[in-house]
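I have placed the structure first, in the form of structure tokens, so that the comments after it can refer back to it.
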Amino acid sequence: MATRDVTAKKTLAKIEALAKGVVQEVKKRKNPRLVVPLRTLSNVQFNAKKKIIELGADKQERAFFNVAQAKKFMQTFLVASACKELLEVGKTTSIRDLYYMTKHTLGDTRQNTFDEQDESDPIIEDLEVTVDALREELHLFANRKGLMVGPMTVIDSGDTIDLRRQGSGGWGVPSIVEPNVIRFGKTEAKYVLLVEKEAVWSRFNEDKYWKKEQCMLIHGGGQPPRGVRRLVQRMHSELKLPVYVLVDNDPWGFYIYSVIKQGSINLAYESMRMAVPGARFVGISSFDPERYRLPDETAIRMDDGDHKRIKQMLEYPWFEKKQWRRELEAMASNNKKYEIEALSRRGISFITEEYLPKKLRDRDFLE
Amino acid sequence: MATRDVTAKKTLAKIEALAKGVVQEVKKRKNPRLVVPLRTLSNVQFNAKKKIIELGADKQERAFFNVAQAKKFMQTFLVASACKELLEVGKTTSIRDLYYMTKHTLGDTRQNTFDEQDESDPIIEDLEVTVDALREELHLFANRKGLMVGPMTVIDSGDTIDLRRQGSGGWGVPSIVEPNVIRFGKTEAKYVLLVEKEAVWSRFNEDKYWKKEQCMLIHGGGQPPRGVRRLVQRMHSELKLPVYVLVDNDPWGFYIYSVIKQGSINLAYESMRMAVPGARFVGISSFDPERYRLPDETAIRMDDGDHKRIKQMLEYPWFEKKQWRRELEAMASNNKKYEIEALSRRGISFITEEYLPKKLRDRDFLE
Amino acid sequence: EAPAKPRRKATAEQMAQRQREISVSEFFAKNRHLLGFDSPTKALLTTVKEAVDNSLDACEESGILPDLTIEIRAVPGASDRFVVSVEDNGPGIVKAQVPKIFGKLLYGSKFHRLKQSRGQQGIGISAAAMYGQITTGKPVQVWTKTGKGRPAHRLEVQLDTRKNVPVVLSDTEVDLEKDHGTTVELELQADYGRGQRYLLRYVEQTVLANPHLALTFLRPGADPLVFPRASTEPPKEALEIKPHPHGVEVGTLMLMATESKYRDVRSFLQNSFSRVSGGVADEILGNAGLKRTLRTQQLADDRELAEKLRQGILDTRIMAPSTNCLSPIGDELIRQGLISFLSVVEEEAEELPQLELLEKGARRGRKKAPVKTSEEKQAELEKAAADAVPPEPGEEIIKGKKFFIVSSTRPPKVYRGNPFQVEVGLAYGGDWPQDKTIELYRFANRVPLLFQRGACGVTDAVMKTDWKKYELQQPRGALPVGPMALLVHIASVWVPFTSESKEAIAHYPELLAEIRLALQDCGRKLAAFIRKRKAAAYELKRRSIFELYIDELARSLHEITGADREKVKGDLVVLAREITGGEETDEILDRVASNPKKRRPTDEE
Amino acid sequence: EAPAKPRRKATAEQMAQRQREISVSEFFAKNRHLLGFDSPTKALLTTVKEAVDNSLDACEESGILPDLTIEIRAVPGASDRFVVSVEDNGPGIVKAQVPKIFGKLLYGSKFHRLKQSRGQQGIGISAAAMYGQITTGKPVQVWTKTGKGRPAHRLEVQLDTRKNVPVVLSDTEVDLEKDHGTTVELELQADYGRGQRYLLRYVEQTVLANPHLALTFLRPGADPLVFPRASTEPPKEALEIKPHPHGVEVGTLMLMATESKYRDVRSFLQNSFSRVSGGVADEILGNAGLKRTLRTQQLADDRELAEKLRQGILDTRIMAPSTNCLSPIGDELIRQGLISFLSVVEEEAEELPQLELLEKGARRGRKKAPVKTSEEKQAELEKAAADAVPPEPGEEIIKGKKFFIVSSTRPPKVYRGNPFQVEVGLAYGGDWPQDKTIELYRFANRVPLLFQRGACGVTDAVMKTDWKKYELQQPRGALPVGPMALLVHIASVWVPFTSESKEAIAHYPELLAEIRLALQDCGRKLAAFIRKRKAAAYELKRRSIFELYIDELARSLHEITGADREKVKGDLVVLAREITGGEETDEILDRVASNPKKRRPTDEE
């Protein structure tokens, strides 16, 4: 707790310095500005050595007296002010809660400070990079999604939780999974299987796949939140468990794999803590439908958005790997995509009993 | 397992009978029709004695050769066919998974069988009422949302889970919580507190409210799913625990309370198993902002959709209670709404340390 | 308030000295735009038109099938001068009449009688001659011969514009090979480059409205256009009639009485008006409260009596005028005309926009396909039809495109005592764009109207018809939009034009009402056709929806019940067809489709 | 192919017998719509207009400030008959001229000279008399007196339509109190119920374009309307000029030579044309390759010589015609006129739609506020201005609404030798709807044009101007849309109308080009004004955005740093104003705003 207090004081000081700067500028009748590191494609690079995406040095000015930036400027300090309060009382809260805490109507207009959480989340990320404080240091945590079961015991805030005994439910992965909150206890797990969707996770849990295979079964509800990514990264680096990723056969699924492995543009400043460069892609591969004889009627036609996304992804420098390109190009030329569930056309438990075991046995995966 | 097999056979027979009827009609060159009990406002009534909403006897014909109904007709049998397969192999799956399983492109068009889960969910409910089989009997379960902690042990599919020791995570409430899956173990809980949102649940869990207050803390992620509702109902009826509901001060929040207590139009056929007529509304009440001196700047202006919803709710026969009307009418005349988080303007833990304890102490709630 | 000091005073006497008579030729020389000579472009067409009108009228009156040659010649060394020559095989002109006909405005045989004819004012050809004279200084030349063995004459005539009288510059006997006929030739300032498109349109439309005409058109720097005679049957002849009593006003009644040779009003009425028998005359006098013995001269002198008589006429039911004074184009010819226009329009849709008074720029190099004879057309039609489903009544196949064509002929009506009749033809469909304003072809007494569309009562009537009722789009206060062409013809013993140039029809309510009725009649038929097509398209759409799901339903039913999938599917397909109008739907849509491959709407549409 | 057997043959001889001369009165009696008598509604206005035109022309020419009384009387027992009487204080008419002026078409003093006047054809008033005579049988009555102490006369005149000659029915000496003046009175078939709105509009617009006129309008069943004289300064007098050589064509040149009294061409040129000095004449002859000694008679007889001379004229630079032959309305009066129209339109926006040839129905019971004198107007303006920010140049405050008003006067130009000048006024703003077609007021030689808007060259020029460039909406090929009124005046020694009724201006390219240039000039000024307003509105919008967030930002900064919240807020507010144009923005928008309370756009907009 002592460390936490010190960190909190540091963070508080950073926020206060930022605000004081603005007050000074205003006093001098100058248009107040913030300097925000850019979280865009143009300002990230792929570190080939570390095999992760890293944030560059580009920054962006954000002025209050600029019609396009005024609202964001105001929002930044609204969020900063709320974080200051959290830090002072030593509480944490979710970013969703922060959205609710800071959302209200402006004066007697019909405009709100925020209309959607989609608006406040990027402001939090901006604040993180601007004052150089991670989300946790701002006493915030991400929305939680994601469940885990498997042959392991974890110690969560002092409670010992046996992930072998979670019934049909599973353990909800918290947002903050740093070692001071979550510690790993005894485990017999041989690897980590991260699946894209809860529905698939439930299938694997019902079939007790993790028990047979002795693996940690985790999902992130689509694009996995920080907590899940960090936990997977910790299991990989601390417990030396290989990580396998199972996603839908569509550009969004494959992108999830790339984020797990190398990090994302948006959170490039966290890649060091999040990315699992050794993560492996087990499917669904664009070549699986043919290889596993999936009936044509399980296919979904790709739409314009899908094709556009593939094109975009192929232009990312970290998608240069030949195997990855093959995967995406085959997807585009098939003009079809497949849910993981398409495999159930070959039998409800085909995926857990045949598909995945065979893939792992044959080492039929991408790296 | 034997009971399950018998039920499965019964359900299978019902699905087969439905499909055979259609095949017969088609053979006779007749426009095939389904008779689907109506799940609409006009076909529910409030049972004043039981204090729950019940389904009426009205039915609707759904013909295949009717432009407005053809797709739904096709979808109904697509879903029925998938359920048949589940029943035959004795597996269950989530309705989200069912959506993915049955989603594919039609022939060489750009149309899919389903575009959104919003399309397949009502079809499942139609099938439930049409063949008179509950979702669980079709081997389906709802998407899970919701977490629970508190002074209680549950036995989930044979695993004993101590809900006192879930750390910051919490136990993910499964979709199927019938006694054959979930059993209640030892408990010291004095009541159940159901909160609307996960963010609020996290605040209460962080503050260890449930420990101080000796209560079960559960959330349903907005409108609670069947699993959460059924679990709350079971705790209420089997463990005789009072149930308190804490929701946002807006029409949607209050409606969640009404559904917990009396059931919903859409699932009126399940009210018997779901509704908790004794559930109590603790807030946020439309009179709280004044009573608890919430700063004006925490208010959000109501929009047209809010006002429309209030008007609609006031017309439901089961909203006739004077206290309820007062709540909604005050909300409308204030023209303001408040997130639960608005209370944190009075201090981050005002809600857990002052607001709620005082409400319960003063018995300041609605029934 | 006191008037300010006048600066200079012209007295009534001074002003009186300036008063002068103005001759009608002076008036029109100055107001030449009233006659259609506002620009060198229009002058060319107006000149041709006036000459052709005269030739056609003369041939018609003397029962000759007309054979015309129009020639436009460039004048060497003057790019803005052209010679127009129009030669006919008409009855010829008696030599003594030539000077006045070509050298005096307001002289002619058609003004004073009620008979449908192209010319009606006695202004046109002499106005053209005057325009030529003013702009080039040259007289009009006329060759004419009135019969086999008779001498032919060549005259050069000038118009004394100060006095509106002709001056004969030369008069010689010449040899003409043909038995009879007239050639008129004059030089004028003109712009052939810009004017040729109007000329071509005029020639095409004139040939169409006059299938008994054989026409050769010789043009500068291009091959001659030859239009053979399409029909040896001359149009039904229009007979001259007397005025109808209901259209006569007090002043006119008194004037007619003054000039009448009948001494008693009863005979006057019987002989000077149409549809007045002895009985009717008695009834009129009775209603007027006048004696049967009233003398015509009394009527001429006494305004009160004339007023009474007029009231008596109005109070008496009198038969509508006889229709044999009118010669409509007729349904068959209107349909043929539309078909022919469509062929041209389809070919040159982008090249020939709607004509307006002010052209936006010259369009040169237009290619022209000579209009086909009806035999050739028939052959084409039959060929196209052979490959396709037989068309429904009202449908025509033109160059492989399907059109819906209807026409409507109104019974004759009367305005201001003048009988008139309205005909309308409507063509819809083909490959025309859905979002363009319709094509509108206007005709008056078989003469195409090419200018001043915006000022024309016909246009107004089309705009004021509610086409939305007939399944067309129509911007407020505008022509409708859609793949449609309209042909409107007004036949009358006296067509009221908005100016002497006879380019647009005046907005007489009686005329507009009849045009609207004819348009509505065509519109109703069109709407029925479109709705039928829409209904079939809807059935097909329904069917395609059912067919989309049948495969899926059959599989599910098979998987649940084990029933034969193909069998169930087959049953469902049969049911789908039955329920969506069966064969009939296919057929209607087959007929619509220009391209059978595109027939079925898919879900992408 | 052999011609078919003729059914009945009229020979050239038979046809010759039917040829007859047509008198101009017969022609127009039959084509009365050409003169503006196509309906009882229009007949009323046309009659008043022709009489008023004559009176104003006569007063102007004799330097009298006009004092007119228009009276419309119902005829007892005949709902479709009215008496129109127009009385003036003009110079009177010499008795001998009365019959021809009122009883003969194409007779007058204005046709043969080049001078800007309202009447120009010698048709109008006699045509009205003829229409009255045909429809009621009654003659026109004229009272006239040419000076103090001279006898006054009353004449009843009829027109012999067969011959176009006057017939005097009675002629008596009468007493008239006034020193001089003329009254014309005639009975005609008319529809006052439907026609009164046109009359009112005509009267209003006439008064506006002629501020030196005092007018009384006596109407059936309503109070008299009295328009006092607004200015005792008569309009600038237009002088008569000779034709300009550049507009003369070969034929006309020969005719002028024939009639010239000057024996040699050099003198002929100097004396018969404007802007031809001795030197210019020499240059012309030189350019034409003709001798200075050439005799005029040679020119009259030899077309080749005339052609050469014309080419010589065209090859010589000759000064543009003198502008003193034109009398424009002038900027000041155009602005006043627009202001006055706006007052009326603002009041009756819903009641008075744009006028069209065919009225859709009678509108009765319209209330009329007499037009104010310029003194009264000035007082009102000043009062309104006192409460508001002083208007920018171009802005006017009318009844509390702000308008932007500009005008543009083009230098005189020439078409076909006729000098003309275009003036345009534009008013924009007020409370007018943004989505309605603009108002267009057309004038020719100070006479308002109320009918045939669609056929008018002015309308065409407005439609063909690209108003989108000037910040207005404009549907394709249509009038622009927006809160705007346009006034277009054409002054010319000879205005080309599309018909004898003088309702619309012909599409002469030279005229259209000038109108467009004037419109563009006004358009540019309008665009600058609108853009300035838009820029200010944008600054205000920016400011309101900043102000929206300032409170919130100040609180956050206060909560984080402890800095004084009100102080921070104050600094931010000052900054926001500075950055968004400061005071200037406020002022521009204050000027725009009709209602100061609504000044600030809120986020709801």
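Letters go in sequence order (proteins before strands), and every chain restarts at 1.
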Report task. Can you measure from CG (B/Leu343) to CE (A/Met101) and round to the nearest 0.5 angstrom? Result -> 11.5 Å
Requested in this report: Would you please test B/Tyr100 and A/Lys197 for side chain to side chain contact (heavy atoms under 4.5 Å, CB included) and show each step?
Outcome: CA-CA 11 Å; B/Tyr100 286 124; A/Lys197 295 184 293 192; 3.3 Å; yes
Report summary line: Turns out that what part of B/Phe141 lies under 4.5 Å from chain A's heavy atoms comes down to side chain
Query raised in the report: NZ of B/Lys208: more than 12 outside heavy atoms within 6.0 angstrom?
Result: yes
Report task. Sort A/Val89 into side chain, backbone, both or neither according to what part of it lies under 4.5 angstrom from a heavy atom of chain B. Result -> side chain
Query - Separation between CD of A/Gln111 and CZ of B/Arg301, rounded to the nearest 0.5 Å - result: 11.0 Å
Requested in this report: Look at atom CD of B/Glu188 and say whether more than 12 heavy atoms of other residues, nucleotides or ligands are closer to it than 6.0 Å.
Outcome: yes
**Report entry** Contact origin within A/Glu341 toward chain B - heavy atom pairs under 4.5 Å
**Finding:** both
Query raised in the report: With chain B, which of A/Ser202, A/Gly172, A/Ser349, A/Ala299 has the greatest number of heavy-atom pairs at distances under 4.5 Å?
Result: A/Ala299
Query raised in the report: Nearest heavy-atom pair of B/Thr92 and A/Arg203: which atoms, and what distance?
Result: O-NH2, 2.7 Å
Report summary line: Counting heavy-atom pairs under 4.5 angstrom with chain B, the leader among A/Lys337, A/Gln166, A/Arg164 is A/Gln166
Query raised in the report: Is it the backbone or the side chain of A/Lys336 that comes under 4.5 Å from a heavy atom of chain B, or both, or neither?
Result: neither
Query raised in the report: So does A/Asp207 pair up with B/Lys91, basic N to acidic O under 4.0 Å?
Result: yes
**Report entry** Test salt bridge (charged side-chain N to carboxylate O under 4.0 Å, His left out) applied to A/Lys145 - qualifying residues, sequence neighbours left out
**Finding:** none
Query raised in the report: Do B/Glu198 and A/Ser94 have side-chain N/O donor and acceptor atoms under 3.5 Å apart?
Result: no
Report task. Hey, could you give me the CD/OG1 distance between A/Glu339 and B/Thr102, rounded to the nearest 0.5 Å? Result -> 10.0 Å
Query raised in the report: chain B heavy atoms under 4.5 Å from A/Thr113: which part of the residue, side chain, backbone, both or neither?
Result: neither
Requested in this report: Taking all heavy atoms of A/Thr105 and all of B/Ile300, pick out the closest pair and write down the distance.
Outcome: OG1-CA, 3.1 Å
Requested in this report: Could you tell me which portion of A/Val181 (side chain, backbone, both or neither) has an atom closer than 4.5 angstrom to a non-hydrogen atom of chain B?
Outcome: side chain
Query - A/Lys308 atom NZ, over 12 foreign heavy atoms within 6.0 Å - result: no
Report task. Specify which of B/Val173, B/Val200, B/Leu106, B/Asp97 makes the most heavy-atom pairs with chain A at under 4.5 Å. Result -> B/Asp97
Report task. Could you tell me whether A/Glu290 atom CD has more than 12 heavy atoms of other residues or ligands within 6.0 Å of it? Result -> no
Query raised in the report: Can you name the residues that form a side chain to side chain donor-acceptor pair (under 3.5 Å) with A/Arg165, not counting sequence neighbours?
Result: none
